[in-house]
> 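One structure, as structure tokens, below. Some questions next.
First the proteins, then the strands, lettered A, B, ... as listed; each starts at 1. Side-chain atoms are counted along with the backbone in the values below, which use heavy atoms only and exclude waters and symmetry mates.
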Number of protein chains: 2
Amino acid sequence: MASPTPENPGLLDPLDAAILAVLVEDGRASYARIGARVNLSAPAVKRRVDRLLERGVIDAFTVRLDPATLGWGTEAFVEVHCTEQTSPARMRDTFESYPEVIAASSVTGDADAVLEVRAHDMRHLEQVVERIAAEPFVLRTRSTVVLNPLVRRPGPGPR
Amino acid sequence: MASPTPENPGLLDPLDAAILAVLVEDGRASYARIGARVNLSAPAVKRRVDRLLERGVIDAFTVRLDPATLGWGTEAFVEVHCTEQTSPARMRDTFESYPEVIAASSVTGDADAVLEVRAHDMRHLEQVVERIAAEPFVLRTRSTVVLNPLVRRPGPGPR
DNA sequence: ATTGAAAAAATCAGAGA
DNA sequence: TCTCTGATTTTTTCAAT
């Protein structure tokens, strides 16, 4: 999956990598400032950013919000066990309807899916988990509450 | 935790909430365009964004990158069981040294910590998990590999 | 990819509700 | 306090090289 092909040009140009590194740290950095960091003119930087957007490497420009400051201080992983032949589409549609479900994945192993849930407090978390457990295709759930967020790394991986 | 106090001003001004909604979707939206959406002038929007930054509601402006496009298509949850009296600081320092560890949390329940790991492929994932399992304070690990990312919500949550 | 100009946006100052 | 208007500065964007 990481072999350079005509379809997959290299993995990432060193210049593009440098540009992305700056943008991950400051998504509003001006093209001129980025260019100063990577020894490129502003238009050249813009051209590369546009290409990274077209290629889908950059999914979007956003803000990273602090959940705790917004009152979403309680986080948990919820393993979900489903009835036989529960389709991924069914799971996705259901879990997507919960605003508290930040992420949901079908997984290997014991459980069928793992959810990441954000709630205001324990009481709220309990309510959400109960509602999920009451879904028709859910057999049982197992919750693991986050005590301390030790590491939160922005970006998709090593650079 | 969600009650308005002098320390915790309201939860979020409706205007601020609207501004954040726009910025989550497009972190480079101009103040004028945001203002048009929320019926405010550009300087007024900037003032509020600056305050949201000061308050820490907005953690940072960033780009959201697509892990798959960058060759990080394999994702897993790794439960880690540690020896008695392993300090959170020790865990954090150790796990932070792994670029593949996107997030690490100490947790309630059976395991001591849950890691989110991104790897290039299964072989790479296996190597990383083996290295983690070989850490002095690690007793054993249990990995759950993501088959299908059903839901990925960009909202409040470091990602 | 760079330079330089034009268009757009960000930023600042002043004043009013 | 919070906002708006208008001026200034910076950045984006486009064209030509």
> Nearest whole Å is fine: how far is dA10(C) P from Y31(A) OH?
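Value for this atom pair: 12 Å.
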> Where the side chain of P43(B) is concerned, which of dT3(C), dG6(D), dT12(D) is the nearest nucleotide?
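So the side chain of P43(B) is nearest to dG6(D).
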> Can you tell me which nucleotide in dT2(C), dT12(D), dC4(D) comes closest to the side chain of S41(B)?
dC4(D)
> Counting only side-chain heavy atoms from C-beta out, which of dA1(C), dT3(D), dT11(C) sits nearest to L15(B)?
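My answer, after comparing the listed nucleotides, is dT3(D).
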> In whole angstrom, give the distance that lies between atom CZ of R51(B) and atom P of dT1(D).
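So the two atoms are 9 Å apart, to the nearest Å.
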> Could E100(A) and R118(A) be called an ion pair, given the rule that one side-chain N must be under 4.0 Å from one carboxylate O?
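No.
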> Pick the closest DNA chain C nucleotide for R28(A) and for A44(A) by heavy atoms, then say which residue is nearer the 5' end.
A44(A)
> Roughly, in whole Å, what's the span from CZ in R47(B) to C1' in dC12(C)?
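Going from CZ in R47(B) over to C1' in dC12(C) covers 13 Å.
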> State plainly whether the residues D110(A) and R142(A) are in salt-bridge range, i.e. N to O under 4.0 Å.
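Between R142(A) and D110(A) there is no salt bridge, as every charged N stays at least 4.0 Å from the carboxylate O atoms.
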> Touch check for R48(B), heavy atoms < 4.0 angstrom, all strands: base, sugar-phosphate only, or nothing?
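Sugar-phosphate contact only - R48(B) comes under 4.0 Å of backbone atoms but never of a base.
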> When you match A29(B) and A42(A) each to their closest nucleotide on DNA chain C, which lands nearer the 5' end?
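Its nearest nucleotide being more 5', the pick is A42(A).
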> Above 12 or not: heavy atoms from other molecules or residues under 6.0 Å from CD of Q127(A)?
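Buried by this count: over 12 neighbours within 6.0 Å.
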> Round to the nearest Å and state the distance from D13(B) atom CG to dC2(D) atom C1'.
11 Å
> When you measure from the side-chain N and O atoms of K46(B) to the phosphate of dA10(C), is any distance below 4.0 Å, counting only OP1 and OP2?
no
> Reckon R33(B) has a side-chain N or O less than 4.0 Å from the OP1 or OP2 of dA8(C)?
no
> Side chains of residues 29-45 of chain A: which donor-acceptor pairs under 3.5 Å do they make with residues two or more places apart or in other chains?
from: S30(A); atom 1: OG; to: R33(A); atom 2: N; distance (Å): 3.1
from: Y31(A); atom 1: OH; to: R28(B); atom 2: NH1; distance (Å): 2.5

